[in-house]
Protein chains: 2
Amino acid sequence: MATAETRDALIEGAIATLREKGHAHASAREIAARAGCNQALIFYHFGSVERLLLAALDRVAESRRARYQAMVDESRSLKELVRTARAVFEEDLDHGHVAVLVEMIAAAQSDDSLRPEVAERLQPWRGFAADALRGTPAARLGGPDELAHGVVALYLGLELLANLDGDRAPALALFDRAASLASLLDLFTPRRKS
Amino acid sequence: MATAETRDALIEGAIATLREKGHAHASAREIAARAGCNQALIFYHFGSVERLLLAALDRVAESRRARYQAMVDESRSLKELVRTARAVFEEDLDHGHVAVLVEMIAAAQSDDSLRPEVAERLQPWRGFAADALRGTPAARLGGPDELAHGVVALYLGLELLANLDGDRAPALALFDRAASLASLLDLFTPRRKS
DNA sequence: GTCTATACTTGGATAGAC
DNA sequence: GTCTATCCAAGTATAGAC
């Protein structure tokens, strides 16, 4: 098989494994089985399991970033932004998109070689969240950068709790409260950036 | 040695290991070395490594709950509550108290046997946060239960990001913004619960 | 209650045939 | 480029001596 196809299958296998089994059980043998190929190929193509997992993280992060960008572009008010965020949150939970990210972030917490790699790949998210808030009435509540940091942290925390409890209702209720608050803020500054 | 002392040493060893090496490297051998005793004793006293880790989680969770309760009791306004929360957040980061919790929550994400145990042990935190907010002007922004869920999620998320980046400044800046907002809310409802 | 010794399992990684 | 075979390290858990 061509190199590109095998690499692709391995990356998809790694994503599926991280999502369903977590970083702790994302072994070379498990991933290779899902990719339908041999365990040794991981080391041939990626050098180590860790580097394959980082490639998987790259793919998920980019795919989600694109999705979030589209979400922001479609929203014409802060309230709309919050409501779409709620929909995307459910989408992420249903498909386990963010679960992959959370697994890698969690694993990086106490792994010195993984930490800088994961941190670098999470960087765009903060910039993205800051852009989304800029020009929005929410920016009146604080600097966009600080607010963006909080939004990312909250999103990750809500994902963590929703998976833990197997119950997304509290998170969704919070989104709804935020939407009410947002529509209030929209009254004073109804228009978003030019 | 007496049973109680060995159990205690093992629990402390488990806490230290979770904090410094994470759940992935919290093995029986590593923990026993820190406790200054033999690996086999873990199975004699706790039955399995997992059950020892849960005992460690119990101890940390209870110790933090007591600390947070004291913090809430000392605060006379929402602004004071936020400022003390900021101080405790730094305390948690410095000593790695919440790191232990985060490790267990993260590990529980994709471990069917761990998930319900960890979820049960996190339960009091939401109730605690809800109590802290009740009677506070923050309750005007939404139901205390929903808000409490958000506060816990945000706290965990901020811890995750601060450890990842090795930089707590963005989190602290966020606390400061929240304090400003809180003092504004205090103007309208200066007094807390009777 | 605590130790040593050991059985058993899983996983990362490499060598070498094809 | 992909496979089989294999080495080696690390981990859980138990048996049995002390």
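Note that the coordinates shown come from a computational prediction; the quantities given were computed from them, not determined experimentally. Within every chain, numbering begins at 1; the chains are lettered A, B, ... in the order of the sequence lines, protein sequences first and strands thereafter.
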Between A/E12 and A/R59, does the side chain to side chain contact (heavy atoms under 4.5 Å, CB included) criterion hold? Intermediate values first, please. CA-CA 9 Å; A/E12 286 302 319; A/R59 179 169 295 186; 2.7 Å; yes
pair A/R168-A/E159: side-chain heavy atoms closer than 4.5 Å: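 Result no, sub-4.5 Å side-chain heavy-atom pair not found.
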Using whole Å, report how far [atom1] of [X] lies from [atom2] of [N].
X	N	atom1	atom2	answer
B/E50	D/dA13	CD	P	9 Å
A/E5	D/dT2	CD	C1'	14 Å
A/Y44	C/dA15	OH	P	15 Å
B/F43	C/dC3	CZ	C1'	15 Å
A/H25	C/dT9	NE2	C1'	13 Å
B/F46	D/dA13	CZ	P	14 Å
A/I42	C/dG12	CD1	P	8 Å
A/D111	C/dG12	CG	P	13 Å

At their closest point, which heavy atom of A/T17 faces which heavy atom of A/H25, and how far apart are they?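 Heavy atoms only, the tightest pair is CG2-O, 3.9 Å.
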So, for B/S75 and B/E80, which heavy atoms are closest and what is the spacing to 0.1 Å?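 Scanning both residues completely, I find the closest heavy atoms to be CA-OE1, 3.6 Å.
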Run the ring-centre check on A/Y68 versus A/W125 and record whether the distance is less than 6.0 Å.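 Between A/W125 and A/Y68, which both carry aromatic rings, the centre distance is below 6.0 Å.
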The test is side-chain hydrogen bond (donor to acceptor under 3.5 Å, both in side chains); show your working for A/S110 and B/E20 and say whether it passes. CA-CA 7 Å; A/S110 17; B/E20 293 164 33; over 6 Å; no
So if I take every side-chain heavy atom of A/V49 and compare against C/dA13, C/dT2, D/dT2, which nucleotide ends up nearest?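 The closest nucleotide is C/dA13.
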Between B/T6 and C/dT2, is there a contact of a side-chain N or O with OP1 or OP2 at under 4.0 Å?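 For B/T6, the contact criterion (side-chain N or O under 4.0 Å from OP1 or OP2 of C/dT2) is met.
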Do any side-chain nitrogens or oxygens of B/S27 fall under 4.0 Å of OP1 or OP2 in D/dA10?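 Answer is no, no contact under 4.0 Å.
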For the residue pair A/D111 / A/S113, report whether a side-chain donor-acceptor contact shorter than 3.5 Å exists.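 Yes - a donor-acceptor pair under 3.5 Å links their side chains.
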Using a cut-off of under 3.5 Å, enumerate the N/O to N/O pairs linking the protein to nucleotides 4-8 of chain D.
| from | atom 1 | to | atom 2 | distance (Å) |
| --- | --- | --- | --- | --- |
| D/dT4 | OP2 | A/N38 | ND2 | 3.2 |

